Amino acid sequence: MSEPWNIAPKIDDVDFDDLLELEPHGPDTFVGISAKYPWGKRLFGGQVVAQALAAAIATVDPDRRAHSLHSYFIRPGSITEPIRFEVERLRDGRSFCTRQVVARQSAGAILNVSVSFQVDEDEVDAQIATFPDDILLPDDPSLDNYSWGNLIDRRAIDLPGVDGEPGRLGYWLRIMADLDDDPVKHTLAMAFLSDAAPSRAARSPHPDFDNDNSDRTKFQGASLDHSVWFHRPCRADQWHWFDTRSHGLNGGRGLVTGDVLNIDGTHVATIAQEVLLRRVRD
């Protein structure tokens, strides 16, 4: 007899549109599906964040664009049951509106997210972030391939000591799904991708870090909180450079920040995440 967690479809077998499509269950309440990821019985945090963002977007006028998202991962999500998203309309102003979303399963709340939306404003557009000098492009065969099946295309780059910043690591990332030209789909896909970048940089200051897939078995790790600032429109099905930097480790926690640049050099987002990192002990 199969274990219960085998009932969930593998992420490779799930259409990305289906993953992000939520079923209404009463006023400002939605239900989304779960999926099984390569590491087993826990949900991918980026999936739940993207679904929570989709629930928030469903309650705002279409002229409001998500510009920031702040979330806390409360307990691990289970792949054996669907996820319920409850939206609270905290404020609707002339320029900004705010939503809070709680994602729940039978064990209780698994995620709490606040999302702020803004109408487009014709103001100054000034970009500071740029590519590092001589960065390798994603089609370079020397890059390590850390992709997830047919969903996330991921290529790893190390930038040790660039501008005096040890522990500067990054990925070229893109979604391998047909997102057409819907800007909402691309925003949701960027939220999904944003949780696939920080963990390696978070581990990098640890003396046991080997910078390969094997070192993941040495640590108990989990995302604690996660933030995304959406600066400019993006196409998540194109390559994006996630330039992540560790800010050190303390108390079993590591902080990572990162800039996200489209392959054309446009700074589309900034991310920040605090990660739980403990040595695995016998």
Side-chain angles (χ1 to χ4, degrees), residues 11-12 16 37-38 44-47 49-50 125-183 185-205 209-216 226-247 256-273 275:
I11 190 61
D12 284 351
F16 197 65
Y37 289 85
F44 172 50
Q47 174 196 319
V49 167
D125 187 337
Q127 175 171 326
I128 304 297
T130 60
F131 287 128
D133 293 338
D134 302 322
I135 186 172
L136 298 177
L137 295 179
D139 59 356
D140 191 297
S142 69
L143 298 184
D144 291 326
N145 187 343
Y146 290 164
S147 300
W148 294 357
N150 58 11
L151 179 64
I152 291 184
D153 208 353
R154 188 166 64 161
R155 302 289 189 272
I157 296 182
D158 301 348
L159 299 171
V162 172
D163 297 328
E165 296 180 68
R168 184 177 176 184
L169 307 172
Y171 289 107
W172 285 105
L173 282 162
R174 65 177 174 179
I175 287 283
M176 299 191 303
D178 183 8
L179 303 178
D180 55 57
D181 294 322
D182 185 348
K185 285 186 183 179
H186 287 277
T187 297
L188 296 175
M190 180 56 64
F192 184 93
L193 283 175
S194 67
D195 191 35
S199 62
R200 191 166 64 106
R203 299 193 304 272
S204 64
F209 177 67
D210 289 331
N211 198 20
D212 58 31
N213 283 331
S214 67
D215 70 26
R216 296 181 67 94
H226 186 69
S227 297
V228 185
W229 292 265
F230 303 98
H231 305 310
R232 297 173 179 86
C234 69
R235 287 200 62 99
D237 54 4
Q238 296 178 354
W239 285 110
H240 285 76
W241 164 238
F242 282 70
D243 191 352
T244 53
R245 301 166 176 85
S246 168
H247 296 266
V256 174
T257 60
D259 296 323
V260 184
L261 280 73
N262 190 295
I263 196 165
D264 66 6
T266 303
H267 185 197
V268 300
T270 299
I271 63 175
Q273 185 175 106
V275 176

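Reckoned from all heavy atoms, side chains included, excluding hydrogens, waters and symmetry mates. We number each residue from 1, following the sequence as shown. Keep in mind that this is a model prediction, so the values were computed, not measured.
If you take CZ on F242 and OG1 on T270, they are separated by 10.5 Å, rounding to the nearest 0.5 Å. Here the straight-line distance linking atom CZ of F16 with atom CD1 of I175 works out to 4.0 Å at 0.5 Å rounding. With rounding to the nearest 0.5 angstrom, the CG atom of D259 is 11.0 Å from the CZ atom of F131. The CD1 atom of I157 sits 8.0 Å away from atom OG of S142, with the distance rounded to the nearest 0.5 Å. Note that CD of Q127 is 7.0 Å distant from NE2 of H267, once rounded to the nearest 0.5 Å. Distance check, rounded to the nearest 0.5 Å: CG of L151 to CZ of F44 gives 8.5 Å.
Closest approach of V268 and P233 over heavy atoms only: CG1-O, 3.7 Å. Shortest non-hydrogen contact noted between W229 and A272 is CZ3-CB, 4.0 Å. The two residues D237 and A177 have their closest heavy-atom pair at CB-O, 4.0 Å. In plain terms, the two heavy atoms of L143 and L137 that are nearest each other are CD1-O, 3.3 Å. Pairing each heavy atom of L179 with each of A236, the nearest pair is CD1-CB, 4.1 Å. Heavy-atom minimum distance, H247 versus T257: NE2-OG1, 2.7 Å.
Side chains of Y146 and R200: no donor on one and acceptor on the other come within 3.5 Å.
Between V260 and H231 there is no side-chain heavy-atom pair separated by less than 4.5 Å. With contacts defined as side-chain heavy-atom distances shorter than 4.5 Å, the pair D125/R232 qualifies. Residues D243 and P132 form a side-chain contact, since some pair of their non-hydrogen atoms from C-beta on lies under 4.5 Å apart.
Every residue two or more places apart in sequence or in another chain that forms a salt bridge (charged side-chain N to carboxylate O under 4.0 Å, His left out) with D153 is listed here: R155, R174. Annotation: salt bridge (charged side-chain N to carboxylate O under 4.0 Å, His left out) contacts of D180 (sequence neighbours excluded): K185.
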Query raised in the report: When you look at H240 and N262, which way does the side chain to side chain contact (heavy atoms under 4.5 Å, CB included) test go after all the steps?
Result: CA-CA 4 Å; H240 285 76; N262 190 295; 3.3 Å; yes
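Aromatic ring orientation, F192 versus Y37: tilted (interplanar angle from 30° to 60°).
Ion pairing between D181 and R235 holds under the 4.0 Å rule for side-chain N and carboxylate O.
In this structure, S227 contributes its side chain and I271 its backbone to no donor-acceptor pair below 3.5 Å.
With W172 as the fixed residue, the side-chain contact (heavy atoms from CB on, under 4.5 Å) test singles out one of D140, D139, I263: I263.
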